[in-house]
Student: 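Have a look at this one.
Residue numbers begin at 1 in each chain, while the letters A, B, ... track the order of the sequences. Only heavy atoms go into these numbers, but all of them, side chains included; no hydrogens, no water, no symmetry mates. What you are looking at is a predicted structure, and each value in this text was computed from that prediction instead of being measured.
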Protein chains: 2
Amino acid sequence: MSQPEIRNMEEFAAISGISRPTVSKYFHDPSSVRKSTRMRIEAALEKYDYRPNIYAMNQNRKLTKNIGIVVPYLADPFFGEIVRMIEGRCIEAGFTPSLFSSHGDQAHENDILDSLRSMKPAGVLLAPLGRQSDKSAIETFCKHVPTVLFDSNIEGMGEAFVGSDNHSFVSQTVEYLSRTGQSPCFFEMRTPANPNANKRRIAYLSMMERLGLEPHVIKIDGTGWGFEEIGRQGGLKVLSEKSLPTNTVLCSNDRLAIGFLAACYESGVRVGRAPGCELRVASHDDHPFSRFTCPSLTTAAHDYNAVSDHSVETLFRLIESGGRFENRAESLFPARLIMRESA
Amino acid sequence: MSQPEIRNMEEFAAISGISRPTVSKYFHDPSSVRKSTRMRIEAALEKYDYRPNIYAMNQNRKLTKNIGIVVPYLADPFFGEIVRMIEGRCIEAGFTPSLFSSHGDQAHENDILDSLRSMKPAGVLLAPLGRQSDKSAIETFCKHVPTVLFDSNIEGMGEAFVGSDNHSFVSQTVEYLSRTGQSPCFFEMRTPANPNANKRRIAYLSMMERLGLEPHVIKIDGTGWGFEEIGRQGGLKVLSEKSLPTNTVLCSNDRLAIGFLAACYESGVRVGRAPGCELRVASHDDHPFSRFTCPSLTTAAHDYNAVSDHSVETLFRLIESGGRFENRAESLFPARLIMRESA
DNA sequence: ATCAAAATTTTACCCGCGTAAATTTTACTA
DNA sequence: TAGTAAAATTTACGCGGGTAAAATTTTGAT
């Protein structure tokens, strides 16, 4: 709040009695200037509320302080949560996060990568669409921008991957379910959008074999990112056909399970581990809504904090290393079994 | 893909055999240059994949082509949906949307407004936190940036407001519920985060009075944006106390209702309009998950398309008008009653 | 008080583009 | 083919800072 409008750093430097390059240094890193100087600048800052032009700043900087965050589908609260944590870490570290959602669409994902390149970000945290991704577009992007993939892995792309250990997820649910009742059949989409789904199926099959149990994979139709409705339709079909081989269903992910549970309710099938229930249902992810399903969903939980923390830390290391790692590291975090009422 | 790396527009212009200012014009608006010129530029563009430096572009432009989108809580799929629609419209119109979430936190909202100002956006679509917003911060912001508020209104702030007609929402649910059964009591948070909640309560009271029915407002405790858990806790309490005055509950919003339905299920209370049910539950918003609750949720639906379309169109008109409107217009869209199984 | 190290200032140049005005070229009409 | 409007080029300047090197000042320790 003041009389004279400060137009640029030149004027601000003049008024605060300090040279422009020093002021420039201050905005780069306040701790890089002498304490007395810092206080003079900050005093002037309160009187004249000046802020440097970010476009002029980034124009010449080799590495900007921007970090791109790309998720495949923001209407999924799972990603909403992840994004919140990641954003917070970036801001703490003095970076400016920019958020993008591919909204389940390949063309959109490519457009995002395009505009992201022109932003010259210090680094990018990318959760790709997966099967729908344009691999070559992502590969090209990663050559130009320091990128850490998270949530959904694409072999060889990005300098690192941080995600969840699908085997840990499935082994815990399968072990628990088969120990406490009939062995689970595996409920998934026929053409899953996400590579995690494939890994979970494989983990299910290997786990069942190890336990000497007969595996049953139920593949349901449907495309797109409306997993709940796909799960519901698939559930209605399976239940009406009475084709379930066992009384225990393990869904590939919570969103499918949410739809499946809706189908059970509509069909009058009682779900849970309580006496009188016909079916047990469990799943993977610990989706933010999974504790509010009816019954509440037994599931294997992501370590949200670990995944987001480690993603960000990996990206920071990558940035400090100049954008390249020796080897592409893959960090996988185990699941934690959350026992609720559904199984 | 080519040998020589193009570093700037000067070089690109030289290679494509056209003057730099003309190339600059092309990137401003490809249709503003002669057809033959355009083809030459585009041919060169394919060979040398050059892209202008966005920071240098925006530095001197009086109005950038950026549009800021701010929502209060991105982990709510409702906003995920809205954002997807709004982003699409902005891109169609040649703007570059930037997405921000306040994550339910006032300081974060203020920070967003700060960095948004330094982006010098052509306009901003702002869904404020509501009660938690720093009114003076928002007011200051709106003075400097053409802003259209949406979803959640704050009197007098921004050049326009686009949202839903809460009276339409509540009148339809109340009318329907009281016509088909016992009159509804109203279930809400004691200190709602959002001004819509207050309007809905007022609408409930006036509607009940008009129908000559006795109103009952149930206020539950809890703060923050974890509405589902708040609704669940409140539901458990109300159900255990058996303090419900009627067998029909109208929740202020779907997220509360999702929690309330979970509480009903846990408590063994059968919900629905089918025979044998003890309780009816309805709500407002048509949250993306409301069709997957058990039972599926009868609710008054936002016109997502209308709200997002009209928000964007209003902002475009505002931008074309130079950032100011004569009068602050408030556009409210009516609800559509979605009858499902819960009431 | 002396002196080296750290911090700051000066100086000087660059970045990549926007934009305006005057001039020249091109395209279309009569 | 002349005349004219549209498009393109030239010219010239500005934007708001980054950044490097050398010169100067300040700081802190001896």
Student: Quick one: does A/R20 reach the base of D/dG18 with a side-chain donor-acceptor pair under 3.5 Å?
Tutor: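 Counting by modelled atom types and ignoring angles, a donor-acceptor contact under 3.5 Å is found here.
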Student: A/T37 or B/K25: which one's nearest nucleotide on DNA chain C is closer to the 5' end?
Tutor: A/T37
Student: Test for a donor-acceptor pair under 3.5 Å between the base of D/dG17 and the side chain of A/Q59, counting only N and O atoms.
Tutor: no
Student: According to the salt bridge (Lys or Arg N to Asp or Glu O under 4.0 Å) rule, which pairs have a member within residues 146-161 of chain A, sequence neighbours left out?
Tutor: A/E159-A/R324
Student: Could you check whether A/Y50 gets within reach of a base, just the sugar-phosphate, or nothing at all, counting any heavy atom under 4.0 Å?
Tutor: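 Sugar-phosphate, no base atom in range.
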Student: Taking the side chain of B/S19 as heavy atoms from C-beta outward, which of D/dT9, C/dT10, C/dC17 is closest to it?
Tutor: D/dT9
Student: Counting only pairs under 3.5 Å, give me each side-chain donor-acceptor contact of residues 89-97 of chain A, with atom names and distances, residues two or more places apart or in other chains.
Tutor:
residue: A/R89; atom: NE; partner: A/D309; partner atom: OD1; Å: 2.3
residue: A/R89; atom: NH1; partner: A/M85; partner atom: O; Å: 3.4
residue: A/R89; atom: NH2; partner: A/D309; partner atom: OD1; Å: 2.7

Student: Taking the minimum atom-to-atom distance to the side chain of A/P52, which one of C/dG18, D/dG17, C/dT9 wins?
Tutor: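 Among the listed nucleotides, the one closest to the side chain of A/P52 is D/dG17.
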Student: Just how far, in rounded Å, is C1' of D/dT19 from CE of A/M57?
Tutor: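 Rounded to whole Å, this separation is 13 Å.
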Student: Suppose we screen for ring-ring contact (aromatic ring centres under 6.0 Å, His included). Which residues come up paired with A/Y73, at least two apart in sequence or across chains?
Tutor: A/W225
Student: Taking A/T37 for the side chain and A/V33 for the main chain, is one N or O donor matched with an acceptor at less than 3.5 Å?
Tutor: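 Side chain of A/T37 to backbone of A/V33: no pair is present.
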Student: How would you list all residue pairs meeting ring-ring contact (aromatic ring centres under 6.0 Å, His included) that involve residues 99-123 of chain B, not counting sequence neighbours?
Tutor: B/H103-B/H108
Student: Would you mind reading off the distance between B/N53 atom CG and C/dG16 atom C1', rounded to a whole angstrom?
Tutor: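 Going from CG in B/N53 over to C1' in C/dG16 covers 6 Å.
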Student: Report yes if at least one side-chain N or O of A/T22 is closer than 4.0 Å to OP1 or OP2 of C/dT9; otherwise report no.
Tutor: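 Yes, within the criterion.
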Student: Do any N or O atoms from the side chain of B/N327 and from the backbone of B/A329 form a donor-acceptor pair under 3.5 angstrom?
Tutor: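 Checked: no pair found.
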Student: Where the side chain of A/A56 is defined as all heavy atoms beyond and including C-beta, which of C/dT9, D/dG16, D/dG18 is the nearest nucleotide?
Tutor: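 Out of C/dT9, D/dG16, D/dG18, the nucleotide with an atom closest to A/A56's side chain is D/dG16.
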Student: Side-chain N or O of B/N8 less than 4.0 angstrom from OP1 or OP2 on C/dG16?
Tutor: yes
Student: Atom CD1 of A/I18 and atom P of C/dT10: how far apart are they, to the nearest Å?
Tutor: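 Nearest whole value for this atom pair: 11 Å.
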Student: Please write out the pairs of protein N or O atoms and N or O atoms of nucleotides 22-27 of chain D separated by less than 3.5 Å, giving the distance to one decimal.
Tutor:
residue: D/dT26; atom: O3'; partner: A/R34; partner atom: NH1; Å: 3.2

Student: Base, sugar-phosphate, or nothing: which does A/P21 touch, judged by heavy atoms less than 4.0 Å apart?
Tutor: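 Base, at least one base heavy atom under 4.0 Å.
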Student: Quick one: ring-ring contact (aromatic ring centres under 6.0 Å, His included) partners of A/F79, sequence neighbours excluded?
Tutor: none
Student: Within this structure, what is the CZ-to-P distance between B/R40 and C/dT26, rounded to whole angstrom?
Tutor: 10 Å
Student: Atom CG of A/D29 to atom P of D/dT19: distance rounded to whole Å?
Tutor: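 These atoms are roughly 13 Å apart.
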Student: For C/dG18, take OP1 and OP2 only and decide whether either is under 4.0 Å from a side-chain N or O of B/S24.
Tutor: yes
Student: Could you walk me through whether B/N53 and A/Q59 pass the side chain to side chain donor-acceptor pair (under 3.5 Å) check?
Tutor: CA-CA 7 Å; B/N53 181 314; A/Q59 176 176 2; over 6 Å; no
Student: Tell me whether the OP1 or OP2 atom of C/dT19 has a side-chain N or O from B/H28 closer than 4.0 Å.
Tutor: yes
Student: What is the separation between atom NZ on B/K120 and atom P on D/dG16, rounded to the nearest whole Å?
Tutor: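 To the nearest whole Å, that distance equals 8 Å.
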Student: Of the candidate nucleotides D/dG17, C/dG18, C/dT9, which contains the atom at the shortest distance from the side chain of A/M9?
Tutor: D/dG17
Student: Atom OH of B/Y55 and atom P of C/dG18: how far apart are they, to the nearest Å?
Tutor: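 The answer, rounded to whole Å, is 15 Å.
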Student: For B/K35 and D/dA6, give me the distance from atom NZ to atom P, rounded to whole Å.
Tutor: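 Computing the B/K35:NZ to D/dA6:P distance gives 19 Å.
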